[in-house]
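Written below as structure tokens is the structure these notes are about.
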Amino acid sequence: MSNVKILNGTNLPNIPWQDRPEGHLLPIWRYTENPIIKRNPMPGIARIFNSSVIPYGDKFVGVFRAEATHGVPFLYLGWSDDGINWEYEKDMIPFIDENGNSAIPYYMYDPRLIKIEDAYYIIWCQDFYGAALGIAKTTDFKTFVRLENPFIPFNRNGVLFPRKIGGMYKLLSRPSDSGHTPFGDIFISESPDMIYWGKHRHVMGTTGNWWEGMKVGGGANPIETSEGWLILYHGVVNTCNGYVYSIGGAILDINEPSKVLYRSKRYLLTPEKWYEEMGFVPNVTFPCSTLQDAETGRIALYYGCADSYVGLAFTDVDTLVNYIKENDGASWEDQHEGRR
Ligand code: BMA
């Protein structure tokens, strides 16, 4: 039983899990059999990484960023009994528009999958005359209908909240440029209908803590807790050898999530293992989704590793919330509503 409560969450007794290893210092610990998705996972696909998983009945469903052997990423659906071993559908997700016509973008990457009320939404980055966000809705994982793109380019790292707040859908995003974006803050926007997005607010930016000194971007779906919205995000530092992506954590106000209550000035996980340090893009740990068990507070984190693999890691809501509070470095700017 945890002290911090996961709110509006379901019990997930079959959550993938390993206990914290003796003497492990950081608040997130890795699955010993990582990476759970290795190179060339299926015909025509070179790498799967930066992917998102949710429970579905007594199984798990995932939307996977699959980089084809022609080098272009698209989204594939996968199913799993245990959240660790995955079977992928042979063809990419057949997105359609509202008239039923095929509507597959030129490329699609970094999906986040979420259930809101009775529907499932996928949000990702795609070409819209430049990198921007796309969204689609499904209720049966057979028909996937694209909604209007929420923002003009350039924007990435769209993360939806699992319920309306004050009657509005809420969306984190990271305005960017058309390339590898050497800057970036997290903003929040709201919508009554998932079509018209507005009332934009700044949530948080970079800090003087070097691991997140260049840019930050939303990661896993926010987890509703008795302390506020728990978010795991990525923070990036630029080095003489390229960008390094670590995982950070923060807690946002439950009713006004543009306000950061606590934010860890220390990373929660950073590239240390061979599958995080070596790969298509070295030194990337990129959080994209979590599973959580409301009963025990256990959290399983799926993260992309070096743009080559999917890694699994574990924590629990007490450990994470306590670590973020103990290492709090939220600035006045973070705690502010974020309106200028
Ligand atoms: C970001 C995104 C991620 C990727 C990361 C490291 O800009 O494109 O998909 O994991 O770069 O290459």
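Model, not experiment: these values are computed from the prediction.
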Do Thr285 side-chain atoms and Tyr245 backbone N/O form a donor-acceptor pair below 3.5 Å?
yes
Is there a donor in the side chain of Asn283 and an acceptor in the side chain of Glu277, or the other way round, less than 3.5 Å apart?
no
With distance as the sole test, does Asp177 use its side chain to make a donor-acceptor pair with the main-chain N or O of Thr181 at under 3.5 Å?
yes
Between Asn322 (side chain only) and Asp318 (backbone N and O only), is there a donor and an acceptor less than 3.5 Å apart?
yes
Arg112 side chain to Ser52 side chain, donor-acceptor N/O pair below 3.5 angstrom
no
Are Glu337 and Lys259 ion-paired here, with the side-chain N under 4.0 Å from a carboxylate O?
no
Flag, side chain of Asn209 to backbone of Trp211, donor-acceptor distance under 3.5 Å
no
Closest non-hydrogen atom pair, Val310 against Phe49:
CG2-CA, 3.7 Å
Classify the ring geometry of Tyr31 against Phe314: parallel below 30°, tilted from 30° to 60°, perpendicular beyond 60°.
perpendicular
Any donor and acceptor pair, going by atom type alone, linking the side chain of Asn155 with main-chain N or O of Phe151 inside 3.5 Å?
no
When you measure from the side chain of Arg30 to the backbone of Asn34, do you find a donor-acceptor pair of N or O atoms at a distance under 3.5 Å?
no
Just by modelled atom types, is the Arg263 backbone N or O under 3.5 Å from a matching donor or acceptor in the Asp328 side chain?
yes
Do Glu148 and Tyr196 have side-chain N/O donor and acceptor atoms under 3.5 Å apart?
no
Which residue in the set Tyr88, Phe64, Trp86, Tyr56 passes ring-ring contact (aromatic ring centres under 6.0 Å, His included) when paired with Trp79?
Tyr56
Check whether any side-chain N or O of Asp97 sits under 3.5 Å from a backbone N or O of Asn99 as a donor-acceptor pair, and report yes or no.
yes
Using a strict 4.0 Å threshold on nitrogen-to-oxygen distance, state whether Asp81 and Lys59 make a salt bridge.
yes
Between Gln126 and Trp124, is there a side-chain donor-acceptor contact under 3.5 Å, judged purely by atom types and distance?
yes
Have Asp193 and Ser191 got a donor and an acceptor in their side chains that come within less than 3.5 Å?
yes
Considering non-hydrogen atoms only, spot the tightest contact between Val317 and Val4 and give its length.
CG1-O, 3.4 Å
Donor-acceptor pair between Ser173 and Arg156 side chains, under 3.5 angstrom:
no
Residue pair Thr206 / Glu212, side-chain donor-acceptor N/O under 3.5 Å:
no
Would you please say whether a donor-acceptor pair under 3.5 Å links the side chains of Tyr303 and Glu276?
yes
Given Glu227 and Tyr262, is the side-chain hydrogen bond (donor to acceptor under 3.5 Å, both in side chains) satisfied, shown in steps?
CA-CA 10 Å; Glu227 297 283 321; Tyr262 307 99; 5.0 Å; no
Under 4.0 Å between a Lys/Arg side-chain N and an Asp/Glu carboxylate O for Arg340 and Glu333?
yes
